[in-house]
*Asks:* 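Pasting in a structure now, in structure tokens, and then I'll have a few things to ask.
Counting from 1, the numbers follow the sequence of the chain as shown.
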Amino acid sequence: MTDMQAVLAAAPAAPIPIDAGYDPDPANSLSLHADAYISQRWHDIEQREVFARSWQWVCHVESLRHPGDYVALEVAGMPIALVRGNDSELRAFYNVCQHRAHHVLAGAGNTGSIVCPYHGWAYDLSGQLHRARETDRVPGFDPSQICLQAVRAEEFGGFVYVNLDPDAESLAVQSGDFGAEIARWAPDVAELTHVRRFSYEIASNWKNVVDNFLECYHCHIAHPDFVTLVEMDTYRVTTHGIYSSHMARAGHSDNSAYDVEGSSVKDLAVWWLWPNTCLMRYPGRGNFSIMQMVPTGPETTHETIDFYFESAELNPGDIESMRYIDEILQPEDIGIVESVQQGMRTPAFSQGRIVCDPDGSGLSEHGVHHFHGLVLDAYRRAGAI
């Protein structure tokens, strides 16, 4: 080996551009590069350019239906509070007192005013300060000039969303026909009630969890009970802007997943909304569920599934359907994405070929490709590629 060959052999390989291999045509495309699933750099960019600039699901409208109802939570790492005002307007704020930055609300409930538990500064339900203890002798102190800092909030399709980007287009406009699809397939969604939440800590990047949700190419192999519930030859995936639709006939016959006898819902209607919200209507009585994947690090995800039914009193079919999802379907999927995450850390994998069916069947990965394109668009907005 010459001296130059030795230098070249010892030199680290040039990094592969994160968008290398991606083609706008899914039939000619590779998947997103593995570095996007393991690197702290891309995780940090996603926090700023994806989660802080997209509509994030918060709760069902029932949690904020009445004046004084409030919900406090984190969105993209930021403390946020939503409140229904006495004027029936829904408002969202940074959950930060304008005195010394303490949270002003915690959890969920109903209140007549917003009182900071640190020094007792009190705000009305519009976020305006109306009382601050011991400030009558503070020079120039004017409560009318102080209010909680507002955040965008929107009621959409029976649920509530927030967006930290003050310039973001409304969700109803961004999502096109999405609201009409929900109204068609789940006309009762706004009247359902929350019955249960399941939470999962997953040792995988959030995008792996989304990727897995967006295709059923794996279903015959990994979900033997699911493919007896759903008529897979009717499964179709359609992509639209910032969401995709996943529809199939389901629940029309006996299956090994759960009992569907007497069901009023006879189809599977599932949607993915950019970037991390999945909305699902399974065979059974009137129902809806929301799955949300929140990154807690480059290789870890906190996932929740919230279930909504016609009433808080559950029948055996409701209980069995939730048990199937929590005890069978979820462990199957979590095992998959955790295995994929481990594989992405090795030198044996960087990208794989997208499997594409031009007819849009559930066995195609064009929904995954659609998601990857939106991720790369966010990286470009950040100036990272």
Side-chain angles (χ1 to χ4, degrees), residues 54-73 75 80-92 107-111 125 151-163 168-198 240-247 250-251 263-274 276-292 304-315 317-318 321-322 325:
S54 60
W55 287 98
Q56 292 290 301
W57 176 83
V58 173
C59 62
H60 190 272
V61 292
E62 74 167 347
S63 297
L64 292 161
R65 203 184 297 278
H66 307 292
D69 286 348
Y70 69 87
V71 172
L73 75 164
V75 175
I80 302 297
L82 298 96
V83 181
R84 179 74 67 180
N86 289 322
D87 57 0
S88 297
E89 288 294 314
L90 178 66
R91 296 177 177 87
N110 186 279
T111 185
L125 299 183
V151 172
R152 299 281 302 284
E154 188 167 336
E155 298 174 67
F156 178 85
F159 295 93
V160 176
Y161 297 79
V162 298
N163 195 321
E169 194 173 39
S170 80
L171 179 55
V173 172
Q174 278 191 35
S175 62
D177 293 332
F178 185 32
E181 286 193 26
I182 294 176
R184 175 189 173 193
W185 292 95
D188 58 347
V189 62
E191 305 309 316
L192 301 178
T193 190
H194 186 264
V195 297
R196 194 155 302 169
R197 164 173 281 194
F198 293 116
H240 328 251
I242 64 165
Y243 77 100
S244 58
S245 306
H246 306 247
M247 305 294 182
S263 297
S264 57
V265 177
K266 290 293 187 182
D267 293 287
L268 177 74
V270 170
W271 299 269
W272 165 78
L273 175 66
W274 166 260
N276 63 326
T277 302
C278 303
L279 306 93
M280 303 172 287
R281 185 156 169 106
Y282 270 74
R285 67 167 178 152
N287 73 92
F288 213 87
S289 52
I290 299 284
M291 179 189 295
Q292 189 177 49
T304 56
I305 305 180
D306 288 88
F307 290 88
Y308 302 85
F309 285 96
E310 295 172 8
S311 65
E313 294 73 35
L314 302 178
N315 66 33
D318 301 334
S321 66
M322 288 192 295
I325 291 172

*Asks:* Can you name the nearest heavy-atom pair linking Ser264 to Arg285, along with the distance?
*Replies:*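 Ser264 and Arg285 have their closest heavy atoms at OG-CA, 3.4 Å.
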*Asks:* Under the side-chain contact (heavy atoms from CB on, under 4.5 Å) criterion, do Val83 and Arg91 qualify, and how do the steps go?
*Replies:* CA-CA 5 Å; Val83 181; Arg91 296 177 177 87; 5.5 Å; no
*Asks:* Closest heavy-atom contact between Arg281 and Ala186?
*Replies:*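 Of all heavy-atom pairs spanning Arg281 and Ala186, the closest is CD-CB, 3.5 Å.
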*Asks:* Under 3.5 Å, side chain of Glu310 to main-chain N/O of Gly286, donor-acceptor pair present?
*Replies:*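 Yes.
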*Asks:* How many angstroms lie between CG in Leu64 and CG in Asn110, if you round to the nearest 0.5 Å?
*Replies:*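 Leu64 CG to Asn110 CG: 10.0 Å, rounded to 0.5 Å.
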*Asks:* Determine whether the side chains of Glu154 and Trp55 contain a donor N or O and an acceptor N or O closer than 3.5 Å.
*Replies:*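 Looking only at side-chain atoms, Trp55 and Glu154 do not form any donor-acceptor pair under 3.5 Å.
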*Asks:* Quick one: closest heavy-atom pair of Phe307 and Ser289, and the distance?
*Replies:*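 Nearest heavy atoms, Phe307 then Ser289: CD2-CB, 3.9 Å.
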*Asks:* What's the verdict on side-chain contact (heavy atoms from CB on, under 4.5 Å) for Leu314 and Arg196, showing C-alpha distance, side-chain angles and the deciding distance?
*Replies:* CA-CA 11 Å; Leu314 302 178; Arg196 194 155 302 169; 3.8 Å; yes
*Asks:* Looking at Ser263 and Gly284, what are the two nearest heavy atoms and their distance?
*Replies:*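 Heavy-atom minimum between the residues: OG-CA, 3.4 Å.
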*Asks:* For the side chain of Asn287 and the backbone of Asp318, is there at least one donor-acceptor N/O pair under 3.5 Å apart?
*Replies:*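 Checking the backbone N and O of Asp318 against the side chain of Asn287, no donor-acceptor pair under 3.5 Å is found.
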*Asks:* Are His240 and Phe178 close enough that some pair of their side-chain heavy atoms sits under 4.5 Å apart?
*Replies:*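 Counting from C-beta outward, His240 and Phe178 never come under 4.5 Å.
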*Asks:* Output the distance between atom CG (Leu171) and atom CG (Asn163), rounded to the nearest 0.5 Å.
*Replies:*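 Atom-to-atom, Leu171:CG and Asn163:CG are 8.5 Å apart.
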*Asks:* Taking everything shown except Asp177 itself, do over 12 heavy atoms lie less than 6.0 Å from its CG?
*Replies:*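 Result for CG/Asp177: open.
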*Asks:* Keeping His60 on the side-chain end and Val189 on the backbone end, is there a donor-acceptor pair under 3.5 Å?
*Replies:*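 Looks like yes, one N/O pair under 3.5 Å.
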*Asks:* Phe159 vs Phe288 aromatic rings, parallel, tilted or perpendicular, using cut-offs 30° and 60°?
*Replies:*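 It falls in the tilted class, 30° to 60°.
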*Asks:* Side chains of Tyr243 and Glu181: do they bring a donor and an acceptor to under 3.5 Å?
*Replies:*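 Yes - a donor-acceptor pair under 3.5 Å links their side chains.
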*Asks:* Rounded to the nearest 0.5 Å, what's the gap from CD1 on Ile290 to CE on Met280? Could you check?
*Replies:*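 Going from CD1 on Ile290 over to CE on Met280, the span is 7.5 Å.
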*Asks:* Would you check if Thr111 and Leu125 make a side-chain contact, meaning some heavy-atom pair closer than 4.5 Å?
*Replies:*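 Counting from C-beta outward, Thr111 and Leu125 do come under 4.5 Å.
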*Asks:* Does atom CZ (Arg152) have a neighbourhood of more than 12 heavy atoms from anything else shown, all under 6.0 Å?
*Replies:*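 Yes - once you tally the heavy atoms of other residues, nucleotides and ligands closer than 6.0 Å, there are more than 12.
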*Asks:* For the residue pair Trp274 and Trp272, does the interplanar ring angle fall in the parallel (under 30°), tilted (30 to 60°) or perpendicular (over 60°) class?
*Replies:*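 Rings of Trp274 and Trp272: perpendicular, as their planes differ by over 60°.
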*Asks:* Could you report the tightest heavy-atom contact between Ala250 and Pro283, atom names first, then the distance?
*Replies:*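 Minimum heavy-atom contact is CB-CG, 3.6 Å.
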